[in-house]
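A, B, ... follow the sequence lines: proteins, then strands. Residue 1 opens every chain.
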2 protein chains.
Amino acid sequence: MANSSHRPIRPATPLRSARAQKITPVPRESTVDLIAGRLRQAIFEGTLPAGAPLGEAELAEQLGVSRGPLREAAQRLVQERLLTTTRRRGLAVISMDAATVADVYLGRTAVECAACRVVLRDNLVDRTVRTLTRVHQRMVRANKRRDAHAVGDTDIEFHQALVDAAGSPRLSASIATLLIETRLCTYSLDRQFRVRADMPDSHAEIIDAIAARDEPALLAVVERHMAEAARRLTAPTEVDTISSPAPAAPRPLDPLELPLDD
Amino acid sequence: MANSSHRPIRPATPLRSARAQKITPVPRESTVDLIAGRLRQAIFEGTLPAGAPLGEAELAEQLGVSRGPLREAAQRLVQERLLTTTRRRGLAVISMDAATVADVYLGRTAVECAACRVVLRDNLVDRTVRTLTRVHQRMVRANKRRDAHAVGDTDIEFHQALVDAAGSPRLSASIATLLIETRLCTYSLDRQFRVRADMPDSHAEIIDAIAARDEPALLAVVERHMAEAARRLTAPTEVDTISSPAPAAPRPLDPLELPLDD
DNA sequence: GCTCGTATGTTTGTTGACATTAGGATCGTC
DNA sequence: GACGATCCTAATGTCAACAAACATACGAGC
């Protein structure tokens with residue numbers, strides 16, 4: 001429950017262009033939604049490590065639900081490519097390799113560049129810069145604390161907010177899945193959970209490029225951002241990193257304790 | 001079974017870079033995969049029209065399966081945004097409106113432009129041009145026959161092949177869903193099922209731009225292609241179109257007759 | 001000593017039934 | 001005559017049990 005306060009992944013209302021809704025946008029979530037959210041959160045937090053095989057009976061008992069809804073939720077994550085299923089072998093969290101990392105960052109580049117272009121085209125620069133600056137300030141503070149987990153959270157949150165700014169439900173949904181995969185890359189390929197000292201600067205470049213309203217320059221900055229991140233994950237040894245003091249390593253199997261009621 | 005020979009949607013092996021596999025890449029599909037494929041096909045073919053509410057008991061009986069696997073398959077399509085589910089209201093095919101059309105084409109632009117850039121970057125131009133030319137020749141023949149359905153099929157197949165050429169599983173999966181939504185747009189917003197006489201020319205431009213290896217020009221062509229298609233769908237009345245003689249209108253409810261064995 | 005076949009165990013895949021809930025229709029009242 | 005409340009029906013949401021299939025381990029045969 002340490003970092004479940006901000007919830008960057010798949011908010012209840014992904015686009016805020018539908019502000020003219022009455023009062024309640026049907027807040028009650030389906031049980032399958034809740035289970036799928038919990039599974040995503042568990043993958044995101046590293047509770048379910050990459051490549052781990054999952055017994056659905058055990059998972060269902062931990063979540064306090066039956067196997068039926070659990071299987072339905074699992075099919076959603078299979079569709080998202082966060083889980084894999086093989087006949088009679090059961091479910092497993094996707095395992096990350098170099099090709100997968102490259103593909104994830106290829107998808108991220110496509111989605112985030114498209115979102116940036118929408119932000120410039122639809123004149124959403126001011127609001128986007130304000131939102132991203134707030135996230136960036138939290139990133140700076142987390143970086144000063146040498147809190148690797150918080151830096152990673154703000155990194156994910158930054159890119160989710162960047163795409164959400166475009167107001168496109170499809171782009172937002174795509175980036176949510178891709179960011180969970182990114183986080184999974186971090187857990188499985190960057191185990192030291194190092195804090196890169198230049199991460200705030202790298203994101204400040206993006207904010208500045210958006211504020212400058214120069215589309216080619218912005219796209220170049222975003223592309224370079226992605227290429228460097230992908231290269232950093234595929235080339236594990238790095239020098240200009242700072243190891244985190246208490247990195248909150250992937251806990252073995254935190255029981256998910258699904259409330260299903262609140 | 002008229003147009004199930006080409007199967008542009010989600011082939012069994014989306015990337016052919018894994019050619020070095022032993023002999024059998026585990027061809028057997030899961031039952032949920034089969035059901036999900038049938039549902040996608042039904043939406044793609046217009047058997048399940050946009051906005052139609054679906055009773056899962058009736059669907060399960062038509063497919064010859066129980067409600068459990070059907071519900072699991074439906075959750076996959078919900079994740080793909082092809083179906084929607086509301087509590088105690090059941091499933092429904094997504095309904096298309098102008099905002100959705102715009103979002104679909106925004107996503108398509110992002111994915112297809114990214115795929116084009118990969119094709120140029122990884123020097124896949126020759127093979128891609130050959131593949132697309134074959135599809136384009138079929139499109140030309142279908143256009144000469146005034147076969148609106150076949151033209152639409154080759155259109156979808158063209159763009160799927162374009163993205164598949166990049167060899168990215170994520171881009172291919174994304175475009176598959178977006179193309180089904182595109183087809184749904186055609187069914188719900190362009191009911192006349194008109195054959196645009198200039199459609200082959202429009203796609204020839206894309207092939208030529210790929211062959212020219214000029215990235216900015218190629219991206220501009222693709223973007224214009226998408227913008228015109230989106231504009232055409234949102235502005236229903238058009239003049240330079242040719243109505244199809246026997247347009248094979250959306251059949252009311254062709255029983256899906258799932259074999260599950262072949 | 002190695003390999004193949006068999007038996008067992010654990011898992012998934014599927015099915016049917018039960019409970020819950022929302023929608024609609026009917027009846028009563030104002 | 002119209003509005004509202006209540007009952008009924010039909011659908012979904014959930015769960016437990018059955019069966020099939022794969023993987024593993026053990027033993028026999030070469």
Query - Side-chain donor/acceptor of A:T154 to backbone N/O of A:V151, under 3.5 Å - result: yes
Query raised in the report: Which value, rounded to the nearest 0.5 Å, describes the distance between B:Q62 atom CD and B:L70 atom CG?
Result: 10.5 Å
Requested in this report: Not counting sequence neighbours, which residues clear ring-ring contact (aromatic ring centres under 6.0 Å, His included) with B:Y105? List them please.
Outcome: none
Query raised in the report: Checking side-chain hydrogen bond (donor to acceptor under 3.5 Å, both in side chains) for the pair A:Q41/A:E45: CA distance, chi angles, key distance, verdict?
Result: CA-CA 6 Å; A:Q41 186 183 0; A:E45 294 177 352; 3.0 Å; yes
**Report entry** Nucleic acid footprint by protein, nucleotides 9-14 of chain C - heavy-atom cut-off 4.0 Å, B for base, S for sugar-phosphate alone
**Finding:** ---BBB
Report task. Go through the structure and list residues passing salt bridge (charged side-chain N to carboxylate O under 4.0 Å, His left out) with A:R108, not counting sequence neighbours. Result -> A:E112
Query raised in the report: Can you name the residues that form a salt bridge (charged side-chain N to carboxylate O under 4.0 Å, His left out) with A:D103, not counting sequence neighbours?
Result: B:R170
Report task. Five pairs at each end of the helix from C:dG1-D:dC30 to C:dC30-D:dG1: take the axis at both ends and give me the angle between them to 10°. Result -> 10°
Query raised in the report: A:R71: what forms a salt bridge (charged side-chain N to carboxylate O under 4.0 Å, His left out) with it, not counting sequence neighbours?
Result: A:E56, B:E72
Report task. State whether B:D153 and B:R138 are salt-bridged, where the test is any N-O pair (Lys NZ or Arg NE/NH1/NH2 against Asp/Glu carboxylate O) under 4.0 Å. Result -> no
Query raised in the report: Expressed in angstrom and rounded to an integer, what is the separation of B:E61 atom CD from D:dT12 atom P?
Result: 13 Å
